[in-house]
Student: 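Right, I'll just put the structure down here and ask away after.
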Amino acid sequence: MITPLKALRKNRFKTALIFMSMTVSIAAIFLISAISGGVVSMYSAMLKTDGDIIVTQKGIADTFFSDINRSQMGSIAKIEGVKEVSALILGAAPVESLPIVGIYGVSENRFKSYTLTQGLSPKMGEVMLGSKIYETLKHPKSIFISKKKFGVSGVFKSKIGFEDGGVVINLEDGGVLFHKSASIFLITLSDLGKSDSLIKKINTLLPEGEAKTTDSFIDSYNQFKIIKTSSDVIGAMAFLMGILGIVSMMSMVVNDRKGEFGIMRSIGLSSRTIIVKLLSETLIIAVLAFAVAWGVSEGVLELIEHADKFQGYINGEIPFSLLCNVFVVSVTMALLGTLLPAIYAARIDPMSLIQRGGA
Amino acid sequence: MNIIGSALEHYYGQEHILRGIDIEIKAGSFTAIIGESGSGKTTLLSILSTLLNPTIGSVQFDGKTISELGNIDTFRRHNIGFVFQFHYLISYLTLRENVALAALDENLINPLLAELGIDSLAKRYSDEVSGGERQRAAIARALINRPKVVFADEPTGNLDSKNALGVYELFKRFSAEGTGFVVASHDKKLAEYADTIIEMEDGIVKSIYQR
Ligand SMILES: Nc1ncnc2c1ncn2[C@@H]1O[C@H](COP(=O)(O)OP(=O)(O)O)[C@@H](O)[C@H]1O
Ligand SMILES: [Mg+2]
């Protein structure tokens with residue numbers, strides 16, 4: 001343990017470069033995963049609020065394009081085992097000076113799922129604002145959504161960034177704004193075990209709709225897959241960049257320290273000893289870089305979360321599972337990046353020590 | 001350990017450098033390989049010390065060829081010490097740690113450093129001691145596992161004549177205790193300390209002199 005630390009300190013300039021390149025790569029992986037994960041988990045949380053089953057228009061790629069007939073709510077509510085049905089219109093529109101804001105038209109029975117901090121839930125022609133957008137717009141009495149004026153009836157607080165930075169209106173008002181009847185139905189059940197048979201019943205009742213458990217909807221939702229795939233691709237590139245950075249720096253380090261490895265070979269230290277030595281040096285850097293990248297990422301996420309510019313819509317967090325995954329990725333990055341230079345170091349011929357002697 | 005080189009020839013590319021050498025290094029002897037620069041001393045020493053394979057011919061260690069020695073690292077670690085013209089001390093380790101890197105038995109380090117007169121410098125780094133002291137530390141590293149033979153190529157090449165003689169004295173002292181030394185140098189003074197003197201000229205052994 002002491003020896004690798006001494007070696008790192010001795011070569012501090014290159015150690016610092018390796019450390020920085022690893023930190024940047026690891027932070028990039030943290031941020032892209034946390035942010036994309038945040039988008040997915042916020043939207044999922046929204047759908048899961050009072051929604052065991054979700055009904056969308058059949059074969060739709062994005063809930064924003066979904067259009068189903070809200071008058072069907074009543075017949076679904078009558079199915080045995082259904083506790084409650086609510087309808088939502090998911091839309092986005094300019095609000096005052098903000099170019100894009102999430103607008104949620106909801107059926108009246110859904111107002112209770114928003115925690116009001118002041119005022120009342122909206123009547124027709126009124127809105128309820130998330131606390132974040134309420135602050136951003138500096139406590140307005142009324143707002144314009146597109147070109148239509150709405151009075152502000154109340155303010156609610158939500159942990160879900162899309163909601164806290166969004167506007168809730170009545171389903172009917174939403175229908176006028178977005179020219180549709182409803183985007184989705186969210187259904188709560190009295191007995192979750194019966195969800196399969198209920199889904200079948202709903203699907204026969206609504207041939208143009210498609211019912212799924214909210215969990216399976218989230219798993220198969222294409223938009224989430226796109227977000228996840230892009231984040232994986234960017235993460236993989238950051239990983240490769242990290243490896244390349246380590247390989248090039250470690251090759252220089254090995255070159256600087258040729259004499260050291262040559263003498264180790266002449267003493268009779270095995271190739272493996274030399275490889276392990278170099279690996280342990282980069283592993284130490286990797287653990288440090290991981291810790292710093294974690295801290296930096298938390299800081300950046302905090303900044304983004306509170307930046308008015310992002311309206312609270314970008315709300316990444318680093319759950320324990322991501323932390324573990326990225327730790328494994330960091331260690332792998334260090335090992336893969338060091339392996340080739342280390343093998344090269346272990347093969348340095350002690351003859352090179354003699355030949356340098358000349359005479 | 002008896003080392004026998006038979007019919008050794010060596011080429012670097014097309015160049016015929018060693019041109020037929022038969023040689024025996026007796027166990028525990030202090031052998032000097034002397035000769036003009038370019039005569040092939042380093043090449044011969046490298047071949048006798050397992051670092052270089054001869055193009056033609058073979059080397060036997062107590063009757064075993066290199067391929068019969070088993071793991072070459074282990075063999076070197078237990079039987080052979082090296083001293084080079086440059087000390088090759090690792091700069092981020094103290095003198096003691098440099099020796100410890102090679103040591104199979106760490107208990108032997110302090111007595112050895114004392115014997116070499118550098119025990120008071122054990123905690124210093126190589127850039128904090130003199131050239132002669134550095135070379136002594138390198139010699140300590142070569143001797144720490146009580147090798148049967150130490151190979152040294154131009155070990156005094158970077159030292160002034162006073163320190164050079166000090167190094168030869170040390171070799172002679174340890175040789176008297178049973179360690180073999182094979183030392184290549186163009187410094188003729190070396191011959192005064194050795195018990196066997198091999199004179200090289202143009203890739204062949206010109207003369208062998210036993211004291
Ligand atoms: N790696 C090498 N490649 C090509 N020629 C070499 C190499 N090493 C040594 N030589 C040549 O071999 C000859 C003998 O070299 P060397 O064994 O180092 O002699 P010495 O140690 O007596 O000076 C010299 O002419 C030298 O230029
Ligand atoms: Mg030479």
Side-chain angles (χ1 to χ4, degrees), chain A residues 1-16 18-19 250 252-282 284-285 342-359, chain B residues 12 35-39 41-43 45-47 49-53 71-94 97-104 125-127 138 141-142 144-145 147 151-158 184-187:
Chain A
M1 189 66 191
I2 300 295
T3 320
L5 283 179
K6 281 185 150 190
L8 290 177
R9 209 182 53 191
K10 170 76 188 176
N11 302 287
R12 41 178 104 71
F13 179 65
K14 290 189 176 97
T15 301
I18 298 172
F19 169 77
M250 282 310 284
M252 286 163 73
V253 166
V254 167
N255 209 40
D256 289 352
R257 291 163 64 181
K258 261 188 168 163
E260 175 180 341
F261 302 119
I263 204 74
M264 287 179 182
R265 298 290 285 130
S266 81
I267 287 171
L269 297 186
S270 66
S271 310
R272 211 181 45 200
T273 311
I274 292 173
I275 292 174
V276 168
K277 231 175 185 59
L278 279 166
L279 288 181
S280 53
E281 287 178 22
T282 29
I284 292 173
I285 304 181
I343 289 174
Y344 174 76
R347 287 202 181 149
I348 287 173
D349 190 341
M351 257 317 270
S352 60
L353 305 186
I354 281 192
Q355 271 156 359
R356 215 187 115 189
Chain B
Y12 288 115
E36 296 292 308
S37 180
S39 57
K41 303 183 294 294
T42 296
T43 306
L45 180 126
S46 309
I47 290 172
S49 64
T50 73
L51 292 186
L52 186 66
N53 281 324
N71 184 306
I72 193 69
D73 292 327
T74 314
F75 177 78
R76 280 185 198 149
R77 192 133 199 230
H78 287 88
N79 299 286
I80 297 182
F82 285 100
V83 178
F84 304 104
Q85 178 173 354
F86 295 91
H87 54 83
Y88 291 113
L89 293 172
I90 294 171
S91 60
Y92 60 82
L93 299 178
T94 63
E97 287 165 339
N98 266 284
V99 179
L101 192 66
L104 293 166
Y125 291 86
S126 57
D127 57 3
R141 182 179 57 196
I144 188 61
N145 293 329
F151 291 92
D153 188 41
E154 305 286 353
T156 60
N158 277 3
S185 177
H186 64 282
D187 179 6

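A, B, ... follow the sequence lines: proteins, then strands. Residue 1 opens every chain. Computed from a predicted structure; not experimentally measured.
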Student: Among A:Arg265, A:Arg9, A:Met264, who wins on heavy-atom pairs under 4.5 Å with chain B?
Tutor: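 With the most close heavy-atom pairs to chain B, the winner is A:Arg265.
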Student: At a 4.5 Å cut-off on heavy atoms, which part of A:Ile263 comes close to chain B: side chain, backbone, both, or neither?
Tutor: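 For A:Ile263, the side chain is the part near chain B, not the backbone.
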Student: State, without any angle test, whether A:Lys10 and B:Tyr125 hold a side-chain donor-acceptor pair at a distance under 3.5 Å.
Tutor: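 Not at all, the side chains of A:Lys10 and B:Tyr125 share no donor-acceptor pair under 3.5 Å.
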Student: Can you tell me how far the OG1 atom of B:Thr43 sits from the CE atom of A:Met351, to the nearest 0.5 Å?
Tutor: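 Reported to 0.5 Å precision, the distance equals 6.5 Å.
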Student: Identify which part of A:Lys277 has an atom lying under 4.5 Å from any heavy atom of chain B, answering side chain, backbone, both or neither.
Tutor: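 Just the side chain, heavy atoms under 4.5 Å.
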Student: What's the spacing between B:Asn98 CG and A:Ile267 CD1 if we round to 0.5 Å?
Tutor: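 Answer rounded to 0.5 Å: 7.5 Å.
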Student: What heavy-atom pair brings B:Asp73 and A:Ser270 nearest, and what distance separates the two atoms?
Tutor: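 Closest approach of B:Asp73 to A:Ser270, heavy atoms only: OD2-CA, 3.5 Å.
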Student: Less than 4.5 Å to any heavy atom of chain A: does that hold for the side chain of B:Ile90, its backbone, both, or neither?
Tutor: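 B:Ile90 touches chain A through side-chain heavy atoms alone.
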Student: Name the option with the most non-hydrogen atom pairs under 4.5 Å to chain A; the candidates are B:Ala142, B:Gly157, B:Ala102.
Tutor: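 Highest number of heavy-atom pairs under 4.5 Å: B:Ala102.
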Student: Less than 4.5 Å apart, any side-chain heavy atom of B:Gln85 and any of A:Ile354?
Tutor: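 No; the side chains remain at least 4.5 Å from each other.
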Student: With a 4.5 Å heavy-atom cut-off, do A:Ser266 and B:Phe84 have their side chains touching?
Tutor: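 Of all side-chain heavy-atom pairs linking B:Phe84 with A:Ser266, at least one is under 4.5 Å.
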Student: Can you see which heavy atom on A:Lys6 is nearest to which on B:Tyr92, and at what distance?
Tutor: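 Closest pair (atom of A:Lys6, atom of B:Tyr92, distance): CD-O, 3.4 Å.
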Student: Is chain A contacted by the side chain of B:Leu45, its backbone, both, or neither, given a heavy-atom distance below 4.5 Å?
Tutor: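 The side chain, not the backbone.
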Student: Examine whether an atom of B:Glu97 lies under 4.5 Å from a heavy atom of chain A, and if so say whether it belongs to the side chain, the backbone or both; otherwise answer neither.
Tutor: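 Only the side chain of B:Glu97 comes within 4.5 Å of chain A.
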Student: Please give me the minimum heavy-atom distance between A:Gly259 and B:Tyr88, naming the atom from each residue.
Tutor: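 Reported closest heavy-atom pair: CA-CD2, 4.0 Å.
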Student: Quick check for you: to the nearest 0.5 Å, what is the distance between A:Glu260 atom CD and B:Leu101 atom CG?
Tutor: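 A:Glu260 CD to B:Leu101 CG: 8.0 Å, rounded to 0.5 Å.
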Student: Among A:Pro350, A:Gly268, A:Gly262, A:Ser271, single out the residue with the greatest number of heavy-atom pairs under 4.5 Å to chain B.
Tutor: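 Heavy-atom pairs under 4.5 Å are most numerous for A:Gly268.
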Student: In Å and rounded to the nearest 0.5 Å, what is the CG to OG distance from A:Asn11 to B:Ser91?
Tutor: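 It is 7.5 Å, given to the nearest 0.5 Å.
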Student: Would you say that more than 12 heavy atoms from the other residues, nucleotides or ligands in this model lie under 6.0 Å from the CZ of A:Phe13, or not?
Tutor: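 No, because the 6.0 Å sphere around CZ of A:Phe13 holds 12 heavy atoms or fewer from other groups.
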